[in-house]
Each structure stands twice: as C-alpha cells, then as structure tokens.
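Input: a single structure, listed below in structure tokens.
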Amino acid sequence: MLKIQNIDKLSGIDTPFYYYDMDLLQETVSRIRALSEKHGIKAHYAIKANSDPRILRLISAEGLGADCVSGYEVQRAAECGFAPSEIIFAGVGKTDSEIITSLEIGIGCFNVESLPELEVISSIAEKRGVKAPVALRINPNIDAHTHKYITTGLEENKFGISEFEFQKAVDFLKSHAETLDFKGLQFHIGSQITDVENVFKLECERVSEIVATFEAMGVTIKNIDLGGGLGIDYEHPDEGKVADFDTLFGTIAKYLQHRPDQQVHIEPGRAIVAQCGSLISRVVFVKDGQKKSFLILDAGMNDLIRPALYDAYHFIENISSPDGPSAVYDVVGPVCESSDVWGEQRELAESHRGDLVAIRSAGAYGAVMASNYNLRPFAKSVYSDELK
Ligand code: LLP
C-alpha cells in the first residue's frame with residue numbers, strides 16, 4: 001500500500017492532487033548514478049515524462065543530463081540546473097525559433113530526425129556564425145513489442161532517418177563540416193518495454209551493425225545513444241519500486257559493441273519518475289447500479305489521460321480505510337466521456353464518500369499530459385518532504 005507519512009496533513013488539501021515520494025525518487029536516481037559510473041554509460045532524463053521543477057532539480061543535482069523534445073523543455077531543463085552541454089534536443093518538428101533558442105543556450109546536441117531538418121539547422125548555424133552539434137536519430141526498424149501508440153522504431157513510424165537515406169545524410173554532414181559538428185547516432189524504439197533483456201539485446205545488436213555501417217561510410221561515431229523505454233511494473237507498484245535498471249545497464253554492457261572512445265548514452269523517462277507519483281483523489285459518490293457499483297472519484301481523465309488514451313492499467317487503492325472488507329467497483333471519473341474510467345471491476349477496500357483513493361504509478365506521463373477539459377483546473381503537486 002502507498003505509505004504517506006503524516007497522512008493527516010493531507011486532509012486540508014483539495015483533491016485531486018499529485019503526491020510525489022521524494023525519497024523514492026532520490027533512491028531511484030542514486031541507483032542510476034551508481035550504475036552509470038560502474039558501466040561508463042551516461043543517462044539523460046527524458047523530461048517529457050515529468051517536467052515538475054522540483055523533480056528536475058533533484059535529478060539534475062545527481063548529475064544526469066536532460067533529453068528534451070521542445071524548445072520549452074530545453075529552457076526548463078536549463079533553468080532547473082541541467083548543464084547546457086548535457087541537454088539534448090530531439091523531435092521531428094523543431095521550429096526555427098526552438099533551434100535558435102537551443103543554440104543560444106549552448107545545448108550539447110540536436111538529435112536530427114530528417115534531412116530537411118539537417119539543412120535548416122546548418123543554414124541557421126551558418127547565419128549565426130556558429131557550429132551546431134548534431135547527431136542523427138536513426139529509425140532502426142525494430143519492434144519494441146509494446147503498445148502501438150508508444151512504438152517508435154518501425155519504418156512506418158514518423159521518427160528518425162531510415163536506411164535508404166543514410167548515404168545522403170553522411171554526404172550532407174561531410175559537405176557541411178563548417179556548420180555541423182557531427183557527434184553520433186541516436187535511437188529510441190519505444191516505451192514501457194518490459195521484456196528488458198531480449199528487446200534491448202536486439203536493439204544493441206542492430207545498433208552495433210548500424211554504427212559499423214556509418215563508420216564504413218567514413219564518419220566517426222563518438223556518441224551512441226540508445227534512447228529510453230525501460231518499463232515499470234504498473235500492476236505491483238510496491239514490489240517494483242525501482243525499475244530494473246540493473247538489467248538495462250547490464251544488457252547494454254554485454255551486447256553493445258563499442259570502442260572505449262565512444263560514449264554510450266541512454267534516455268530513460270518513465271522508469272525514473274513513474275513509481276514516485278500517485279494521483280490522490282476523493283470518493284465523491286458510491287453509486288449502486290443493478291448490475292454493478294460505481295466508485296465515482298473527483299479525479300478524471302483530464303488529470304491523467306493514460307487509461308482513456310492507451311487503455312493503460314494503474315493500480316488503485318483506498319488509502320483512508322484500507323483494512324475493511326473488500327468490494328468490487330467500476331472506478332470512474334467525473335468527466336463527461338464514457339472513456340473516463342480508471343478501472344472496471346476492480347476489487348478494493350469497501351469505500352465511502354470522502355475516502356481518499358490513490359491511483360498509483362502516475363509520476364510519468366501524468367501531470368505533463370493533463371488538460372483543463374470541462375474547465376477543470378490542473379491538479380496541484382504535493383511533495384513528501386513537505387509533509388515531514
Ligand atoms: N527518448 C525519446 C526519443 C522518446 O521519444 C522517449 C519517449 C523517451 C526517450 C523516454 O521514453 P521512456 O523511458 O519514458 O519510455 N505518453 C506515453 C509515453 C510516450 C513516450 C514517448 N517517447 C505513455 O503515457 O505511456
């Protein structure tokens with residue numbers, strides 16, 4: 001069960017709100033830092049998963065870099081303590097102003113996703129009299145065996161440069177060495193990968209081949225970035241509190257062929273922040289139907305869209321009166337959409353109006369994807385260390 005110290009202090013806070021266990025976040029980030037040092041692999045936190053300034057400051061203080069997908073994220077990362085040289089910027093649709101802002105901030109690398117983008121970055125760098133650091137995001141055409149909306153490494157996905165354009169990209173880099181400082185290759189095949197060893201082994205083998213192909217074309221690959229994707233245990237949030245970073249780092253160390261002068265990078269997002277966050281909500285009504293009972297919460301799909309958008313599972317528990325007899329409910333939100341359902345036929349402690357309910361593993365892709373649909377305000381954030 002979710003353990004909240006001084007839970008009484010929560011009673012005056014308006015629900016719904018996001019609750020962040022800062023000790024768990026610290027434990028997770030410290031583990032990554034230790035594994036990074038052991039294996040010489042540099043981790044960049046994918047800040048799209050959660051860009052809360054307090055969370056970013058804790059992560060940057062541990063020396064991780066940042067992986068960003070908009071100019072706004074680049075700015076936020078720089079404001080929250082990430083060294084500019086440790087910020088990388090990916091995304092298929094970078095605008096001119098986002099490119100200019102990132103050059104001014106002095107980011108470490110643009111992960112370029114197409115040839116037209118390479119041309120635009122080169123011409124902006126030329127006009128400004130600077131050299132832009134670039135890596136090519138490669139589409140390796142491998143299946144990550146995850147949800148189709150979060151699979152990114154197949155040729156039919158919009159991401160990255162595919163094999164048929166490798167030669168053209170290399171020719172362009174060679175002929176624009178004055179404006180483009182070529183750093184290496186970047187990959188990302190998908191998210192919420194749970195078959196960690198097999199899927200990342202496959203990625204490492206494919207990446208090793210692609211790196212060799214590029215070097216055979218006469219460019220030096222200094223950085224190899226394998227992207228994010230490490231999954232978490234949504235069903236048992238208390239068992240798998242810290243994601244399986246050991247297997248991820250171990251698999252890369254074992255299967256990625258690289259020279260000592262090549263720096264390996266990863267970009268985990270979800271695995272760093274998901275388990276430290278819960279969406280805390282109150283039971284508004286218990287509504288008995290003829291066939292089933294509904295537990296109607298004051299948190300809705302506008303606060304956390306994953307169940308409605310991806311059919312995603314989040315563990316739900318009553319944290320006010322967890323020990324009584326259990327009951328089965330369809331747990332739903334208040335939003336006027338039939339997809340505003342937290343979970344059907346869920347067994348949890350018998351619940352009453354006013355009880356607090358935790359929707360677990362909500363620290364990643366929760367608050368950042370929230371909206372004001374139905375004019376509902378954004379849920380606030382509460383941090384465990386504020387309750388001590
Ligand atoms: N690097 C790149 C280039 C990415 O596109 C992503 C995620 C990551 C790193 C971080 O991946 P992670 O370690 O978090 O799996 N909203 C969806 C997830 C979208 C992921 C998009 N890209 C969800 O709620 O499941």
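What you see below is based on every heavy atom in this structure, not just the backbone, and it leaves out hydrogens, waters and symmetry mates.
A side-chain N or O of Thr179 and one of Ser122 form a donor-acceptor pair less than 3.5 Å apart. Checked by atom type, the side-chain pair Asp355/Ser321 shows a donor-acceptor distance below 3.5 Å. Side-chain contact annotation: Ser381 with Arg54, donor-acceptor N/O pair under 3.5 Å absent. Tyr383 and Asp21 share no donor-acceptor pair across their side chains, judged by distance under 3.5 Å alone. Judged by distance alone, the side chains of Gln186 and Glu267 do bring a donor and an acceptor atom under 3.5 Å apart. Judged purely by distance below 3.5 Å, without hydrogens or angles, the side chains of Asn223 and Gln262 never pair a donor atom with an acceptor atom. A side-chain donor from one of Ser361 and Gln275 sits under 3.5 Å from a side-chain acceptor of the other. Counted by atom type alone, Ser123 and Glu119 present zero donor-acceptor pairs between their side chains at under 3.5 Å. For the residue pair Glu197 and Thr247, no side-chain donor N or O sits within less than 3.5 Å of a side-chain acceptor on the partner.
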field: Full working for salt bridge (charged side-chain N to carboxylate O under 4.0 Å, His left out) between Arg360 and Asp238
entry: CA-CA 9 Å; Arg360 304 288 306 275; Asp238 292 317; 2.9 Å; yes
Derivation of the side chain to side chain donor-acceptor pair (under 3.5 Å) call for Ser371 and Asn302: CA-CA 5 Å; Ser371 79; Asn302 69 296; 5.2 Å; no
- prompt: Yes or no on side chain to side chain donor-acceptor pair (under 3.5 Å) for Glu337 and Tyr373, after CA distance, side-chain angles and deciding distance?
  reply: CA-CA 11 Å; Glu337 297 275 344; Tyr373 188 39; 2.5 Å; yes
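To the nearest 0.5 Å, the span separating CZ on Phe17 from OG on Ser278 amounts to 9.5 Å. For the atom pair SG (Cys68) and CD1 (Ile107), the distance works out to 8.0 Å, reported to the nearest 0.5 Å. Taking CD of Glu79 as the start and CZ of Arg57 as the end, the distance is 8.0 Å to the nearest 0.5 Å. Going from atom CG of Leu56 over to atom CD of Glu73 covers 9.0 Å, rounded to the nearest 0.5 Å.
Here the options are His44, His258, His188, the test is ring pair (Phe, Tyr, Trp, His ring centres under 6.0 Å), and the partner is His265; only His44 passes. Shown are Arg346, Glu350, Glu347; of these, the side chain to side chain donor-acceptor pair (under 3.5 Å) with Ser326 is made only by Glu347.
For the pair Glu203 (side chain) and Ile189 (backbone), a donor-acceptor distance under 3.5 Å is absent.
Aromatic ring orientation, Phe249 versus Phe245: tilted (interplanar angle from 30° to 60°).
A salt bridge between Arg31 and Glu27 is absent, with no side-chain N of the basic residue lying under 4.0 Å from a carboxylate O of the acidic one.
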